Amino acid sequence: MRKIYCIANWKMYKTAREATDYIEHLLPLIEDFKENIYLSVPYTSIAAASSFAKKTKIVIGAQNMNDAKEGAFTGEIAGLMLKEAGAYFVIIGHSERRSLFGETDEFIHKKVIRALQDDIQPILCVGETLEERNSGTMKKVLQRQISIALSNVPKSSSDKLILAYEPVWSIGTGKTATPKIIDEAHAFCREVISELFGKKGANGISIVYGGSVKVENVSEIMKGENVDGVLVGGASLDVREFAKIVHKCKK
Ligand code: PEP
């Protein structure tokens, strides 16, 4: 049985105080929920959020990191800094990082390796643009993104990875991929992962879906055999909304 994850990505929203207020409100709403709840918060909220969420079922992580251990990289942040601040995981290769900040597959690969070295769980995001889907190159794109990002990742580390399939055309647009499209893409991602880690390794890796997930569509999405959770952007900003999604994020 693969682990199920309900992951919030707050993007560049919420100060440290807003983060702890949110967690305070979220905790009583998710008391009886058994799966993994991850909040990806801005850097400046990590320390406050992780100390507030200590000894609760909420796990705090970051939305990005640099590939270097340390160095003269003004404005960047290292994995070890995130870890010390209380981050357990980090999102790597989000489409906003790829498209707005020019992150390449090779750079993303280096970040995955660094995160594993620094003992931070990487959530690797992959996904095709609308153009790529319409031109029939979706599989080629996913294959390239996954195989470059995960090359040289030791098989023994495969259980630490989470993969997020996030079609770019669906992120922040309100256009959710259909449950069929999602499940097929996840099955394909698993095939690619099995070329790297073998069938057994691939079967253990959770693949979550992200792209305009909301209360209304999460149950349908979760029905997919290969769907092991969701990554929620916009709809995670409202604590009540997110709590409702959390409750539907189950098998
Ligand atoms: C995201 O930021 O990863 C995301 C899926 O955003 P949204 O849910 O707003 O589409």
Side-chain angles (χ1 to χ4, degrees), residues 4-14 18-19 22 26 35-43 45-46 49 59-65 87-103 108 111-112 115 121-130 132-133 138 141-142 145-146 149 161-179 181-183 185-186 189 206-222 224 226-249:
I4 303 293
Y5 295 89
C6 192
I7 305 167
N9 175 20
W10 286 355
K11 311 194 187 207
M12 201 173 72
Y13 293 99
K14 298 197 191 295
E18 287 166 341
Y22 182 108
L26 183 59
E35 313 295 357
N36 299 282
I37 303 172
Y38 278 26
L39 302 182
S40 329
V41 307
Y43 301 136
S45 300
I46 292 173
V59 177
I60 302 299
Q63 301 169 17
N64 181 34
M65 61 178 272
Y88 179 80
F89 69 92
V90 61
I91 293 179
I92 294 180
H94 190 282
S95 70
E96 285 154 13
R97 300 293 321 167
R98 293 178 190 257
S99 66
L100 303 174
F101 301 97
E103 293 195 0
I108 289 161
K111 293 184 191 210
V112 170
Q121 180 179 34
I123 301 179
L124 171 67
C125 296
V126 296
E128 79 287 359
T129 62
L130 191 57
E132 289 161 344
R133 171 163 282 272
M138 174 205 127
V141 170
L142 294 179
Q145 291 177 337
I146 296 171
L161 295 167
I162 298 176
L163 190 78
Y165 169 63
E166 297 208 300
V168 180
W169 47 273
S170 183
I171 297 177
T173 59
K175 281 188 211 148
T176 325
T178 63
I181 286 181
I182 296 169
D183 202 44
H186 283 215
C189 290
S206 297
I207 306 181
V208 302
Y209 168 76
S212 297
V213 172
K214 40 189 184 268
V215 182
E216 293 77 20
N217 59 22
V218 61
S219 299
E220 273 308 301
I221 292 169
M222 287 301 295
N226 284 288
V227 178
D228 308 310
V230 286
L231 202 165
V232 191
S236 72
L237 294 174
D238 182 274
V239 67
R240 279 172 222 288
E241 185 86 357
F242 184 61
K244 285 185 198 157
I245 292 173
V246 165
H247 282 284
K248 292 179 180 222
C249 180

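Positions are given from 1 along the sequence. Small disclaimer: the values here were computed from a predicted structure and weren't measured. Counting starts at 1 for both ligands and their atoms, in listed order.
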Side chain to side chain contact (heavy atoms under 4.5 Å, CB included) partners for S170, two or more places apart
P167, Y209, S212

Other residues, nucleotides, ligands: >12 heavy atoms within 6.0 Å of Y13 OH:
no

Side chain Q63, main chain S40, donor-acceptor under 3.5 Å
yes

Exercise: identify the closest heavy-atom pair between T129 and W169:
C-CD1, 3.7 Å

Under a strict 4.0 Å criterion on non-hydrogen atoms, which protein residues are in contact with ligand 1?
N9, K11, H94, E166, S170, I171, G172, G210, G211, S212, L231, V232, G233, G234

CD1 of I7 to CG of N36, rounded to nearest 0.5 Å, is 8.5 Å

What's the separation between atom CG in L163 and atom CG in D228, rounded to the nearest 0.5 Å?
10.0 Å

